[in-house]
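What follows is a set of notes on a single structure, which appears directly below.
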Amino acid sequence: MKILLPVDGSPSSSRAVRYVIRHWGGKSAKRRVSLTVLYVDPPLPNRVARVLPAEVRASYHEDHAELAVRPARRALRKAGLKFEERHAVGDPAMFTVALAAKQRCDLIAMGSHGRGALFSAVLGSVVMKVLSRSRVPVLVVR
């Protein structure tokens, strides 16, 4: 089974990581599960990106990725699960959907912040965008 596990360093993404460990982390499952931990950092606003050198922008995104992935990395290693890490810059929902399709994943497991319908309608929700665009089944952990 191929599982894409998008994380953002939040408690909700940590709950999704724990759920995956609990359900696919047993000794017999270790050989059958293929995990990809994904962090997608939204791009900097154009007015900021234009004035920053490429090295500074890259360092900024690398620092964000490290902070976001660290809790998942620690938990998965402690559970003895092998995984691949992917970091990217772009729209988190669209990149998640595209990578799941490209890698022919069987499942996207992600955490929901649970901010409510009004907040999501105004600002948008990565989970809602993934749910509406993905052809791959999505497991939402709250």
Side-chain angles (χ1 to χ4, degrees), residues 1-26 29-142:
M1 172 174 239
K2 286 185 175 184
I3 301 173
L4 181 60
L5 188 55
V7 298
D8 62 5
S10 69
S12 60
S13 71
S14 292
R15 283 191 297 275
V17 170
R18 288 192 304 271
Y19 187 93
V20 167
I21 290 169
R22 199 168 41 252
H23 289 85
W24 289 282
K30 286 182 185 177
R31 288 181 219 104
R32 295 183 311 200
V33 69
S34 171
L35 284 173
T36 301
V37 175
L38 172 66
Y39 174 70
V40 182
D41 203 16
L44 291 167
N46 283 335
R47 66 181 184 277
V48 174
R50 268 183 278 163
V51 297
L52 292 177
E55 306 83 42
V56 173
R57 291 191 311 266
S59 176
Y60 171 86
H61 291 300
E62 286 172 21
D63 290 348
H64 276 213
E66 177 58 32
L67 289 172
V69 172
R70 187 180 299 151
R73 185 187 302 137
R74 188 178 307 127
L76 292 168
R77 284 182 180 160
K78 185 176 179 182
L81 287 170
K82 293 182 179 179
F83 59 94
E84 172 190 354
E85 270 185 47
R86 297 284 304 262
H87 306 161
V89 176
D91 180 291
M94 297 310 291
F95 197 90
T96 297
V97 169
L99 184 62
K102 181 178 178 183
Q103 289 190 338
R104 294 189 172 148
C105 291
D106 299 302
L107 180 70
I108 299 170
M110 58 193 309
S112 171
H113 292 280
R115 291 189 177 121
L118 180 61
F119 186 83
S120 294
V122 174
L123 294 179
S125 163
V126 173
V127 170
M128 291 303 292
K129 288 179 187 175
V130 170
L131 282 169
S132 68
R133 290 174 172 88
S134 179
R135 293 184 182 264
V136 174
V138 180
L139 170 69
V140 179
V141 179
R142 287 196 63 187

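Two residues are said to be in side-chain contact when any heavy atoms from C-beta on lie closer than 4.5 Å; R15 and M110 fail this criterion. Counting only heavy atoms from C-beta outward, the side chains of V40 and H87 never approach each other to under 4.5 Å. Taking 4.5 Å as the limit, some side-chain heavy atom of F83 sits within range of a side-chain heavy atom of R73. R133 has its side chain within reach of M94: a pair of non-hydrogen atoms, C-beta onward, lies under 4.5 Å apart. The side-chain heavy atoms of L4 and L38, taken from C-beta on, include a pair separated by under 4.5 Å. Here the side chains of I108 and S134 are in contact, with some heavy-atom distance below 4.5 Å. Within the 4.5 Å cutoff, no side-chain heavy atoms of W24 are placed close to those of L35. Put simply, the side chain of H23 does not reach to within 4.5 Å of the side chain of R18, judged on heavy atoms.
For the residue pair S13 and D8, the shortest heavy atom distance occurs at OG-OD1, 3.2 Å. Shortest non-hydrogen contact noted between V20 and A109 is CG2-CB, 3.7 Å. Of all the heavy atoms in Y19 and L139, the pair that sits closest is CE2-CD2, 3.3 Å. Here the closest heavy-atom approach between residue Q103 and residue K2 is recorded as O-NZ, 3.0 Å. When all heavy atoms of A72 and V37 are compared, the closest pair comes out as CB-CG1, 4.3 Å.
With respect to P6, the side-chain contact (heavy atoms from CB on, under 4.5 Å) criterion is satisfied by exactly one of L99, T96, T36: T96.
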If you look only at distance, which donor and acceptor atoms sit under 3.5 Å apart when one is on a side chain in residues 54-63 and the other is two or more places apart or in another chain?
from	atom 1	to	atom 2	distance (Å)
R57	NH1	A49	O	3.0
R57	NH1	L52	O	2.5
H61	ND1	D41	OD2	2.6

